[in-house]
Engineer: 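Questions regarding the structure given below will be posed in turn.
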Amino acid sequence: MKRSSKSALKPAVKAVAPSRAVVPLRERRLNFGDKWDYAPAPEDHKGYPIAPRHELFIDGKFVKPRARRYFDSINPATEEKLTEIALADERDVAAAVAAARKAYDGVWGKMPARERGKYLFRIARIIQERSRELAVLETIDGGKPIKESRDIDLPLVAAHFFYYAGWADKLKYAFPGRTPRSLGVAGQIIPWNFPLLMAAWKIAPALACGNTVVLKPAETTSITALRLAEIFQQADLPPGVVNIVTGAGETGAALVRHPGVAKIAFTGSTEVGKLIAKTLAERSNNAPRLTLELGGKAANIVFEDAPIDQAIEGIISGIYFNQGHVCCAGSRLFVQEGIHKTVLRKLRDRIQTLRVGNPLDKNTDIGAINSSAQLKKIRSLVKSGEEQGAVVEQTSCRLPAKGYWFPPTMLTRVSPSHRVAQEEIFGPVLSVMTFRTPEEAIERANNTPYGLSAGVWTDKGSKIFKVAQKLRAGVIWANCYNKFDPASPFGGYKESGFGREGGLHGLAAYCRLD
Ligand code: NAI
Ligand code: MG
């Protein structure tokens, strides 16, 4: 918990009074006072200046939007304006698709695969070289703690480019007996929770298979995607191979509607995912291919025979990683009854040690909520939990007065019909429930419209296999949580979407197999 005012964001911190129905978690038992607190350790971001204005990246150049309209990108930890971002309209999207088509027909689609691979390796290496800069910008623009952007996001971003670079000239071995062919121009729409990582997940396999790209970043986190554009220039990637159009939903919708796009890949809300599927269904004769990676409401299931302390760490990172802005977050905790009290006691103690505050501070565990809209959504869902009878337990931490913050929260006495047990909160809020038998755990875990991920904690390998086979989730972690690897496919069932990203499955989404 952030107790030292020295390390707090400016202006000075102010205690936020918990609402009356909120039960504050116990103060840490070992309270040594401020002299035992960590010294502030903010990452220096002065060496990475941000231009006052960012243009669109089309045909290898930064160009002004036709309508000369711009919107602000802010730092959600301070509410300071960082820069202005170009707002692309239908005409800009059309120019980007035309540039991508020209590059596909003229250069990229014809290039020997091993040459394409070389570009991807080069991009991966430049990302590694510039990873500190990218991590700092990711943290300033999106609010996530620097230790996550530096140690998790950026290494994974480079790893995705390296992984798919290796496949570029080996596609026929990936699909033995088949002839993989590229599709054309891929339209890719990504969210704000992992801005660079989602860009890498989408761009790397598309390019490896010989497609060209028009990418639409999320409106609150465009800065690092545009830095990636600079890296493409630095790598001498031929103009038009990747184009980046910034803007909000209307820009994304223009890309979806464009008849020149052969493939749409979307990650974001289930609501927008359904809208995209509907738009494309209406274009029955030349509808592009579609993959959707949507929301989740993952069950993290802890059996009595689990290694409890290890499970506590997994539960904590499962829900509080990236402020809970994670589609596969372990947002529903199912604990077997015999260990319920022990787990709750240990969780309360552990949550109380989480440090909330300046995302650029290397000691920070929980950064800022990405936007005021998302904060509003989290608040309203937690309020609904309270109204429906759940008990809201929160740390007694101090939150900075400016910026968007939500303390790590645990909801107990949650019943399966509560909205907080059914709907995606996408914030640092854990809903705790219990179960008696493995059958009951499976049934309750599957009882949501989603099916993206799950976690199983037990000492018995046989139980892991038995339970995992019956869980309707695309990704299941055993005795760990939120572990990612470019070789491992990721994606969901039911309202969590369809198609897989990562691994061989991720390649298949970007080629035609004759
Ligand atoms: P969103 O689905 O509106 O945004 C995701 C991306 O889609 C952004 O780039 C956005 O500009 C674009 N977009 C919005 N409307 C579009 C349209 N009609 N056509 C094409 N593209 C469009 O998500 P939002 O509003 O930022 O977050 C709402 C909720 O969605 C969150 O609270 C969370 O529950 C969920 N979400 C899930 C994500 C995931 O990783 N699966 C990521 C982001 C949000
Ligand atoms: Mg921002």
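Side chains included, hydrogens not; waters and symmetry mates left out as well; all remaining heavy atoms used. Keep in mind it's a predicted model, so treat the numbers as computed, not measured. Whatever order the structure lists ligands and atoms in, that order sets their numbers, starting from 1.
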Engineer: Check each atom of ligand 1 against the heavy atoms of A218 and keep those under 4.0 Å away; list them by number with element.
Structural biologist: 9 (O)

Engineer: With sequence neighbours left out, what residues match K102 under salt bridge (charged side-chain N to carboxylate O under 4.0 Å, His left out)?
Structural biologist: D59

Engineer: Check the surroundings of atom CD in Q234: do more than 12 heavy atoms from other residues, nucleotides or ligands lie under 6.0 Å from it?
Structural biologist: yes

Engineer: Specify whether the nearest protein heavy atom to atom 30 (O) of ligand 1 is under 4.0 angstrom away.
Structural biologist: yes

Engineer: Write out the residue and atom name of the closest protein heavy atom to atom 22 (C) of ligand 1, then the distance separating them to 0.1 Å.
Structural biologist: V272 CG1, 3.6 Å

Engineer: Hey, which of I223, L87, L226 is the one that makes side chain to side chain contact (heavy atoms under 4.5 Å, CB included) with T246?
Structural biologist: L226

Engineer: Near F266, which atoms of ligand 1 are under 4.0 Å from a heavy atom of that residue?
Structural biologist: 2 (O), 6 (C), 7 (O)

Engineer: What protein heavy atom sits nearest atom 9 (O) of ligand 1, and how far away is it?
Structural biologist: I190 O, 2.8 Å

Engineer: Report the part of V326 in contact with ligand 1, treating N, CA, C, O as backbone and CB onward as side chain, heavy atoms under 4.0 Å; options are side chain, backbone, both, neither.
Structural biologist: neither

Engineer: So, S73 and D141: side-chain donor and acceptor under 3.5 Å apart, yes or no?
Structural biologist: yes

Engineer: Looking only at non-hydrogen atoms, find the nearest pair between S453 and Y481 and report the distance.
Structural biologist: OG-OH, 3.6 Å

Engineer: Assess the side chains of S431 and K297: does a donor N or O sit below 3.5 Å from an acceptor N or O?
Structural biologist: no

Engineer: Which heavy atom of the protein is the closest neighbour of atom 13 (N) of ligand 1, given with residue, atom name and distance?
Structural biologist: G249 CA, 3.7 Å

Engineer: Measure the distance from atom 39 (C) of ligand 1 to every protein heavy atom, then report the residue, atom name and distance (to 0.1 Å) of the closest one.
Structural biologist: C327 CB, 3.5 Å

Engineer: Just jot down the ligand 1 atoms closer than 4.0 angstrom to any heavy atom of K377, in number order.
Structural biologist: 29 (C), 31 (C), 32 (O), 33 (C), 34 (O)

Engineer: Taking 4.0 angstrom as the limit and counting only heavy atoms of G252, give me the atoms of ligand 1 inside it, by number and element.
Structural biologist: 19 (N), 20 (C), 21 (N)

Engineer: Students should be able to answer this: which protein heavy-atom is nearest to atom 24 (P) of ligand 1, and at what distance?
Structural biologist: W192 NE1, 3.8 Å

Engineer: Indicate the atoms forming the closest heavy-atom contact of V136 with E43, along with that distance.
Structural biologist: CG2-CG, 3.4 Å

Engineer: Quick one: nearest non-hydrogen protein atom to atom 35 (C) of ligand 1, plus distance?
Structural biologist: E424 OE1, 3.4 Å

Engineer: Name the closest protein heavy atom to atom 10 (C) of ligand 1, giving the residue it belongs to and the distance to 0.1 Å.
Structural biologist: E219 OE1, 3.5 Å

Engineer: Decide whether the shortest distance between a heavy atom of P217 and an atom of ligand 1 is less than 4.0 Å.
Structural biologist: yes

Engineer: Identify, by atom number and element, the atoms of ligand 1 in contact range of A253, meaning under 4.0 Å from any of its heavy atoms.
Structural biologist: 19 (N), 20 (C)

Engineer: Cut-off 3.5 Å, side chains only: do E55 and Y70 have a donor facing an acceptor?
Structural biologist: yes

Engineer: R91: which residues meet the salt bridge (charged side-chain N to carboxylate O under 4.0 Å, His left out) condition with it, sequence neighbours left out?
Structural biologist: D89

Engineer: List ligand 1 atoms under 4.0 Å from Q374, heavy atoms only on the residue side.
Structural biologist: 31 (C), 32 (O)

Engineer: Considering non-hydrogen atoms only, spot the tightest contact between K483 and C480 and give its length.
Structural biologist: CG-SG, 4.0 Å

Engineer: Take atom NZ in K81; do more than 12 heavy atoms of anything else shown fall under 6.0 Å from it?
Structural biologist: yes

Engineer: Within ligand 1, which atoms have a heavy atom of E293 less than 4.0 Å away?
Structural biologist: 41 (N)

Engineer: Note the single closest protein heavy atom to atom 44 (C) of ligand 1, along with its residue, its atom name and the distance in Å.
Structural biologist: F426 CE2, 3.8 Å

Engineer: Would you mind finding which of A248, G497, S269 brings a heavy atom closest to atom 1 (P) of ligand 1?
Structural biologist: S269

Engineer: Any nitrogen or oxygen of K216, side chain or backbone, less than 3.5 Å from one on ligand 1?
Structural biologist: yes

Engineer: Verify whether the ring centers belonging to F484 and W477 lie closer than 6.0 Å.
Structural biologist: yes

Engineer: Do ligand 1 and P191 have nitrogen or oxygen atoms that lie under 3.5 Å from each other?
Structural biologist: no

Engineer: Distance under 4.0 Å to a non-hydrogen atom of L294: what atoms of ligand 1 satisfy this?
Structural biologist: 41 (N)

Engineer: Would the number of heavy atoms belonging to other residues, nucleotides or ligands and lying under 6.0 Å from CZ of R283 be above 12?
Structural biologist: yes

